[in-house]
Protein chains: 2
Amino acid sequence: MDRIAYLKSLQQRKQSASFDHFLSMVNKVGNCPVRITNHVIGGKWKPVIFNLIVHDVNRFGEIFRIVEGLSKKVLTTQLKELEADGLIVRKVYDVLPQKVEYELTEKGRSFIPVIQEMCNWAIQNFQIAEQSSPK
Amino acid sequence: MDRIAYLKSLQQRKQSASFDHFLSMVNKVGNCPVRITNHVIGGKWKPVIFNLIVHDVNRFGEIFRIVEGLSKKVLTTQLKELEADGLIVRKVYDVLPQKVEYELTEKGRSFIPVIQEMCNWAIQNFQIAEQSSPK
DNA sequence: CAGCATCCCTGGCGATACTG
DNA sequence: CAGTATCGCCAGGGATGCTG
């Protein structure tokens, strides 16, 4: 019995709704999209970086100075990934000394409520180590 | 100038709301909770597994048969992590052959809307490789 | 059926030093 | 100021075989 047949027999045993819906849920919710979201924000420092840019702390040096434990190399790569995923844009000013700012795109702004949900759920369901001041 | 002082000066330059709010956002949203959520669902197969259990496909062998590419070892560990994080419970039936079922906890159910949001955002913002049938 | 034991390998991350 | 360039670690995951 192949996978599809097995899924069908399962769905009947489980008496779920329509098989198409069942299959769609198994594939879509399970497989691709959540993993995309996870990848987009899943870097170790990406939530911090993203959130700083949301609050207009949007220059390389600013972020680097504030987030301790974050190396320049990692900051570079995570910024590049956020840019590649279309959440932020890199604005280069042609002045000396060099000046670069990062800004949210439309897609980036659309992600704010999602990250807020993720944040709220964790706060409500786990004991967060309250660090009233950054160490 | 230390981090706090630097943050304060930044917040003034940025003319954000109150400093406490600013700091809280930087720490909370940025740091802990989102990373917790990411860790909870961040395993390579966790979304699939979680979603299957949501749809009452809740036995080790069922999940193993449906999700191709998933090894028993990995399935074991990810189930254990989901259990350790309190999203699912392991119900052992004392019969032969052995029978084990996994079920959502209250916390697990509370996570469903969050994962749905993550899913929807990805669908709306990325081209998902539509796989109408599982390969 | 529902796992555990073992070995291996890659990618994300960290530390440090250098540059246009 | 805003990055590159190297080197190196190690946890998450894959492959395969064994067990109560």
Side-chain angles (χ1 to χ4, degrees), chain A residues 1 6 9-10 13 30-31 34-36 38-50 52-53 57-85 88-103, chain B residues 1 6 9-10 13 30-31 34-36 38-50 52-53 57-85 88-103:
Chain A
M1 180 156 56
Y6 186 63
S9 74
L10 258 183
R13 288 217 301 282
N31 227 334
V34 178
R35 257 156 76 181
I36 288 179
N38 256 310
H39 177 260
V40 167
I41 201 60
K44 177 163 178 187
W45 302 101
K46 276 189 198 171
V48 202
I49 297 170
F50 180 81
L52 284 171
I53 297 177
V57 182
N58 53 6
R59 300 195 50 186
F60 190 93
E62 286 175 358
I63 299 174
F64 178 68
R65 284 205 60 181
I66 289 182
V67 184
E68 58 173 340
L70 172 59
S71 76
K72 287 185 179 180
K73 175 197 149 192
V74 175
L75 176 54
T76 304
T77 65
Q78 310 238 328
L79 282 171
K80 276 185 179 167
E81 289 178 21
L82 286 172
E83 192 191 2
D85 288 329
I88 62 177
V89 280
R90 215 178 90 110
K91 284 181 66 175
V92 183
Y93 295 83
D94 200 5
V95 295
L96 284 178
Q98 210 174 126
K99 180 177 173 183
V100 176
E101 283 185 353
Y102 294 90
E103 288 179 4
Chain B
M1 180 155 54
Y6 186 62
S9 73
L10 259 183
R13 287 217 301 281
N31 226 334
V34 178
R35 257 156 76 182
I36 289 179
N38 256 309
H39 177 260
V40 167
I41 201 60
K44 177 165 178 186
W45 302 100
K46 276 189 198 170
V48 203
I49 298 170
F50 181 81
L52 284 172
I53 297 177
V57 182
N58 53 8
R59 298 193 54 185
F60 191 93
E62 287 175 358
I63 300 174
F64 178 68
R65 284 206 59 182
I66 290 181
V67 185
E68 58 173 340
L70 173 58
S71 75
K72 287 184 177 181
K73 176 199 149 190
V74 174
L75 175 54
T76 305
T77 63
Q78 310 238 328
L79 281 171
K80 275 186 179 167
E81 288 179 21
L82 286 171
E83 193 191 0
D85 288 330
I88 62 177
V89 279
R90 214 177 91 111
K91 283 181 65 176
V92 183
Y93 295 84
D94 200 5
V95 294
L96 284 178
Q98 210 175 124
K99 181 178 174 183
V100 175
E101 284 185 354
Y102 294 89
E103 289 178 5

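Naming convention: chains lettered A, B, ... in sequence-line order (proteins, then strands); numbering from 1 in each chain.
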Working to the nearest 0.5 angstrom, can you tell me the gap between [X] [atom1] and [Y] [atom2]?
X	Y	atom1	atom2	answer
A:E101	A:E62	CD	CD	8.0 Å
A:L52	A:R59	CG	CZ	14.5 Å
A:I49	A:I63	CD1	CD1	6.0 Å

With B:K80, the side chain to side chain contact (heavy atoms under 4.5 Å, CB included) member among B:T77, B:L82, B:T76: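 In the set B:T77, B:L82, B:T76, the residue that makes a side chain to side chain contact (heavy atoms under 4.5 Å, CB included) with B:K80 is B:T76.
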Between [X] ([atom1]) and [N] ([atom2]), how many Å, whole number?
X	N	atom1	atom2	answer
B:E83	C:dA2	CD	P	15 Å
A:Q98	D:dC1	CD	C1'	6 Å
B:F64	C:dC4	CZ	P	14 Å
B:I66	C:dC1	CD1	P	14 Å
B:N58	C:dA2	CG	C1'	14 Å

Any B:Q78 side-chain nitrogen or oxygen under 4.0 Å from OP1 or OP2 of D:dG12: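 No, outside the criterion.
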Below 4.0 Å: OP1/OP2 of C:dA2 and any side-chain N or O of B:R59: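 Yes, B:R59 has a side-chain N/O under 4.0 Å of OP1/OP2 on C:dA2.
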A:V100 or B:K44, whichever maps to the more 5' nucleotide of DNA chain D: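 Taking each residue's closest nucleotide, the earlier one in sequence belongs to A:V100.
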Smallest separation among heavy atoms of B:K46 and B:D85, with atom names: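 It is NZ-OD2, 4.5 Å.
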Heavy-atom closest pair, residues B:L79 and B:I88: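 For B:L79 versus B:I88, the nearest heavy atoms are O-CD1, 3.7 Å.
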Nucleotide nearest B:K80 (side chain, heavy atoms from C-beta), chosen from D:dC1, C:dC4, C:dC13: C:dC4
Side chain of A:W45 (C-beta onward), nearest among C:dC13, D:dA2, D:dT4: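 The answer is C:dC13, which lies nearest to the side chain.
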Contacting residues from residues 69-77 of chain B, given that a heavy atom lies under 4.0 angstrom of DNA chain D: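 Close to the strand are B:K73, B:V74.
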Sugar-phosphate only, base, or nothing, as touched by B:Y93 at under 4.0 Å among non-hydrogen atoms: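 Since no nucleic acid heavy atom lies under 4.0 Å of B:Y93, the category is nothing.
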